[in-house]
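Because the structure is predicted, anything quoted here is derived from the model rather than measured. Reckoned from all heavy atoms, side chains included, excluding hydrogens, waters and symmetry mates.
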Amino acid sequence: MSTADQQAPRSLAEALRARDDASLAALLRARPDLITPVPTDLTQLATRAGTRASVVRALERLDAFALQTAEALAVAGDPATWDELLGLMAGDARDPAVAAALPGALTSLREQALVWGADDRLRLVRTARELLAPSPQHPSPTGLGPSVREATAGMSPGRIQEFVANAGLPSTHDSVSAVSALTSLFSRRRKMAALLAKAPAGSLDVLERLVWGPPYGQVTAEPAAHLRWLLDRGLLLPTAPGTVVLPREVALHLRAGRAHRSPEPSPPAVQPVVTHRPQVVDATAAGQAYTALTTVEELLKEWHEGGPAVLRSGGLSVRDLKRTAVALDVSEPVAAFWVELAYAAGLLASDGEADERYAATAEYDEWLERPPAERWAQLAAAWLAATRTSGVVGGRDLKERALSALGPGLDRSSAPEVRRRVLTLLAGLPEGAVPDVEAVLARLRWERPLRGPQQQGVTSPHGPQSSQAGQTSQASQAAHGQHGSPSSPGSHGPQRDEDLRSRLARWTLTEAELLGVTGRGALSAHGRALLGASAAAVPRPAAAGPAPTGPAPTGPGDKLPAHHRFVVPAHATPLPAPEQAVATAAAARLLAPLLPEPLDHVLLQADLTAVAPGPLRRPLADVLSVLADVESKGGATVYRFTPGSVRRALDAGRSASDLHAFLAEHSRTPVPQPLAYLIDDVARRHGHLRVGAASAYVRCDDESVLNEILADKRAAALRLRRLAPTVLAAQADPAALLDGLRAMGFAPAAESAEGDVLITRAHARRTPPRSAPEPVPDGPPVPDGTLLTAAIRAIRAGDLAATAPRKPAEDAAPLGPGQLPRTSSAETLATMQAAVLTGEALWIGYVNAEGAASQRVVAPVRVEGGFVTAYDHTADEVRTYPLHRITGVAELADD
């Protein structure tokens, strides 16, 4: 055995054992599920890295080129060589772009423990090979079928010899050598070309239709002559009655050695389609940010006295969402976005009462008191981190239940990562640049090609469609020799619905514009700050997504330096909470100078309107919203004064003189005479009638007014009768009586039992303390540096304990991997006491109070009172162990 063979790792565990701490940290950061919980040693880490759930998750996070590399290894030999992999990826022509990018992709797979071994013995982990290798039930993503050896397994030796003879090869003595000869023929380009040159007309057309997959087809009991020629020479091999397959070696010859029709070594570029001046972008985004604040305020003001009822299944009803959309003057999907945003920011929640309704939280009152820029930053940060996705409102879950706003089932764990990634792509463009939306979607599909359309429990409006639906028919036509053009990549069946990741990206672009993170489609300055400094610098990889930076190796023997190791991109995970808080504060500082300064005045006009040329300060805005009705919004808000609005202000406790003084103080124009007359007229009649509880009564010092009420036919529904010259009694309740008299043109006022006028103010309903919804994580969180350091130290120490050479006991059976030593209590005590005297280290098995067993290497210091105090090399500290929990002890070998 050569020295290289002796040093080559024989398993994934040995390959991991040869890594340094930086490489292990990169692995655990890229695959955080491997550290939950912390493995006891490297063997357990390797076992966990090969489990199906972990491998599937790792494959889902590969970019397109790294995934194509893994797919090529799945159809290559096991183990494969660098030259074999390069041929499958770059083809016979050795595409230079693919050849240059391949080392980076292979390094990425190695660092994520999906591939191990040296360049001359590359091995894809077994679970990944099972997932990606072709089989009759699951064709390979490459479109390749089984090899000649796999397709002829179980075939009669005589039939195999017929293939050899018909192909012009000499006969052999056994099936194994016959299969090898046939494989060698199909793998040699010149001999294969000479064989196909003799094919009858139509034969090559059949092969061309099957070459890019699926490789299976149907044949009749009496195939045509050109099909019989292919079948006799093993160019099509039978797999079942009436079914044939194109062998992998034949397909690779027709593909010029390539495993994929279109390798994707580089990510699609995101180019700008138009560029605006950065000042215009920032100003537009700031205006939309202020509109976002006013929209959220208007929404919660609409629900000031208690919002819609909560459905029994949770969430808003369709009718309540429509009403909210009408009140906000937006479409229903946009209304759902604002409602969900307020909920994610902790400003809105259900009150938890028996008749449960939605209302503002106590946090909303604190939010209103903050500066506008800080209020916007809170909304933007909540949106960036939220997993609740308003875009799916109106759709259905896997159980065909409707998804409603504020209801369950709206969490999409990948939403924060997609939002941050989309904004990071925008940040990588020049300032003011607007990207092509389709280019952004293509980039995201390249970065995560395995994220399918039906992920995370959402069905499309038309239901799921199988991408394999058209494959069988096409393969059948090809095998029968029917004519037709070969399919294009990805067109093996009906067009798939757009995957969730692409829809999330589209929603991100729309929501970012609504929120003011972008302006005119370009990322604003405060939007860049919101991402944080580390995410603003976008990596521009020339090869696969997480490929290392710097010059790539050019040959199979080249080794990558330490700085070429796989590193998780900054955009892949959210910023840590402290860093995100700093980024949010920076975004607020950049936005603050761009927001309009609140005004303390309006412009009164003679047509009973007031124009607010900009945002108003809160006291003025609050009073004016009671005194007048909003007629139109925009750059300037128009308020209209009506008898009803003036009466509303009087009911709230304002007198006519208060209203005159208020308008004179806050108007830059003189108070118009019609407005003054309106206030005086309504005030003169306000409270002239008094309504109290009898059930209800009306009293008035002017008998003629009561006579007028009794004579009015509209008062019939109130069922009034005179009790005294100045008092009428009604069978309606006071509220209905007030509304009825106001509808008749009167201005009654409610009074208390003592005869005082009741002042009616809007009741601000608030929920009990409620916390904002927690985002649903997309898998385990990425461990921080402290956890990684501690975990790697524990894994190393545990591996040392598990692999430390031990002296074989005279009468003890050898222990298998992971087995704990077993010794009697007396032997354990004696060995411990002897080790204290000699200072030697021992290997022990230990079971803690929770029943978890582990192996440790310890150096005993003291044994007394049923406990042993020892320096634990596993934990790198001095610990005390009860002797009764030590299962056994063994001495370490001298070397």
For this session: Under the side-chain contact (heavy atoms from CB on, under 4.5 Å) rule, what do Trp367 and Val296 come out as? Steps first, then yes or no, please.
Result: CA-CA 11 Å; Trp367 180 76; Val296 172; 4.0 Å; yes
Problem set entry | Within 6.0 angstrom of Asp365 CG, more than 12 heavy atoms from elsewhere | yes
Problem set entry | Closest non-hydrogen atom pair between Val281 and Ser524, with its separation | CG1-CA, 4.1 Å
Exercise. What are the two closest non-hydrogen atoms of Pro32 and Pro780, and how far apart are they?
Worked result: CG-O, 3.6 Å
Exercise. Any donor-acceptor pair under 3.5 Å linking the side chain of Arg357 with the backbone of Asp351?
Worked result: no
For this session: Verify the distance criterion only: is there a donor paired with an acceptor across the side chains of Gln378 and Arg370 at less than 3.5 Å?
Result: yes
Seminar exercise, completed: When every non-hydrogen atom of Ala587 is compared with those of Trp376, the smallest separation belongs to CB-CZ3, 4.2 Å
Exercise. Does the pair Glu111/Arg31 count as a salt bridge with the N-to-O cut at 4.0 Å?
Worked result: no
Problem set entry | Donor-acceptor under 3.5 Å (Arg443 side chain, Pro268 main chain) | yes
Seminar exercise, completed: Shortest non-hydrogen pair, Val310 vs Ser350, comes out as CG2-CB, 4.0 Å
For this session: Could you tell me whether the side chain of Thr508 and the main chain of Leu504 form a donor-acceptor pair under 3.5 Å?
Result: yes
For this session: Could I get the full list of side chain to side chain donor-acceptor pair (under 3.5 Å) partners for Gln605, not counting sequence neighbours?
Result: Thr609
Exercise. Can you list the steps and then say if Leu594 with His526 is a side-chain contact (heavy atoms from CB on, under 4.5 Å)?
Worked result: CA-CA 10 Å; Leu594 302 175; His526 49 274; 4.3 Å; yes
For this session: Flag the pair Leu599 / Leu616 as yes when at least one side-chain heavy-atom distance between them is below 4.5 Å, and no otherwise.
Result: yes
For this session: Taking Arg503 for its side chain and Val392 for its backbone only, find out whether a donor-acceptor pair lies under 3.5 Å.
Result: no
Exercise. Considering only heavy atoms from C-beta outward, does the side chain of Val56 approach that of Glu60 to under 4.5 Å?
Worked result: yes
Exercise. Within a strict 4.5 Å, meaning less than it, do heavy atoms of the Leu604 and Tyr639 side chains meet?
Worked result: no
Exercise. Short question: side chain of Arg388, backbone of Ala405 - any donor-acceptor pair under 3.5 Å?
Worked result: no
For this session: Decide, yes or no, whether a salt bridge links Arg61 with Glu417 under the criterion of side-chain N to carboxylate O below 4.0 Å.
Result: no
For this session: Rounded to the nearest 0.5 Å, what's the gap from CG on Leu426 to CD on Glu431? Could you check?
Result: 12.5 Å
Problem set entry | Glu447 side chain near Pro267 side chain, heavy-atom distance below 4.5 Å | no
Exercise. Which pairs pass ring-ring contact (aromatic ring centres under 6.0 Å, His included) with one or both residues in residues 268-294, sequence neighbours excluded?
Worked result: none
Problem set entry | Polar side-chain atom of Glu363 near backbone of Leu347 as donor-acceptor pair, under 3.5 Å | no
For this session: Can you measure from OG (Ser390) to CG (Leu341) and round to the nearest 0.5 angstrom?
Result: 9.0 Å
For this session: Please confirm whether the backbone N or O of Leu406 pairs with a side-chain atom of Glu340, one donor and one acceptor, at under 3.5 Å?
Result: yes
Problem set entry | Closest non-hydrogen atom pair between Ala433 and Leu429, with its separation | CB-CB, 3.9 Å
Exercise. Less than 4.5 Å apart, any side-chain heavy atom of Val270 and any of Asp436?
Worked result: no
Exercise. Say you draw a straight line from CG of Asp320 to NZ of Lys322; how long is it, rounded to the nearest 0.5 Å?
Worked result: 11.5 Å
Problem set entry | Thr324 side chain to Ala335 backbone, donor-acceptor under 3.5 Å | no
Exercise. For the side chain of Ser645 and the backbone of Leu627, is there at least one donor-acceptor N/O pair under 3.5 Å apart?
Worked result: yes
Exercise. Would you call Tyr364 and Leu348 a side-chain contact if the rule is heavy atoms closer than 4.5 Å?
Worked result: no
Exercise. When rounded to the nearest 0.5 angstrom, what is the spacing between CG in Leu603 and CZ in Arg668?
Worked result: 8.0 Å
Problem set entry | Evaluation steps, side-chain contact (heavy atoms from CB on, under 4.5 Å), between Asp63 and Glu264 | CA-CA 10 Å; Asp63 60 57; Glu264 300 179 76; over 6 Å; no
Exercise. Got a second to check how far Thr284's OG1 is from Gln288's CD, nearest 0.5 Å?
Worked result: 9.5 Å
Exercise. Just wondering, do Asp397 and Arg401 contact through their side chains at under 4.5 Å, heavy atoms?
Worked result: yes
For this session: Go through the steps for Glu297 and Arg375 under the test salt bridge (charged side-chain N to carboxylate O under 4.0 Å, His left out), then give the verdict.
Result: CA-CA 11 Å; Glu297 290 180 30; Arg375 286 189 281 142; 2.5 Å; yes
Exercise. Is a donor on one side and an acceptor on the other found under 3.5 Å between the side chain of Thr518 and the backbone of Glu513?
Worked result: yes
Exercise. Considering only heavy atoms from C-beta outward, does the side chain of Leu403 approach that of Val393 to under 4.5 Å?
Worked result: no
For this session: Supply the atom-to-atom distance Leu300 CG to Thr295 OG1, rounded to the nearest 0.5 angstrom.
Result: 11.0 Å
Exercise. Shortest non-hydrogen contact from Leu523 to Arg528?
Worked result: CD2-CG, 3.4 Å
Problem set entry | Evaluation steps, side-chain contact (heavy atoms from CB on, under 4.5 Å), between Arg421 and Leu444 | CA-CA 8 Å; Arg421 184 62 188 129; Leu444 292 178; 3.6 Å; yes
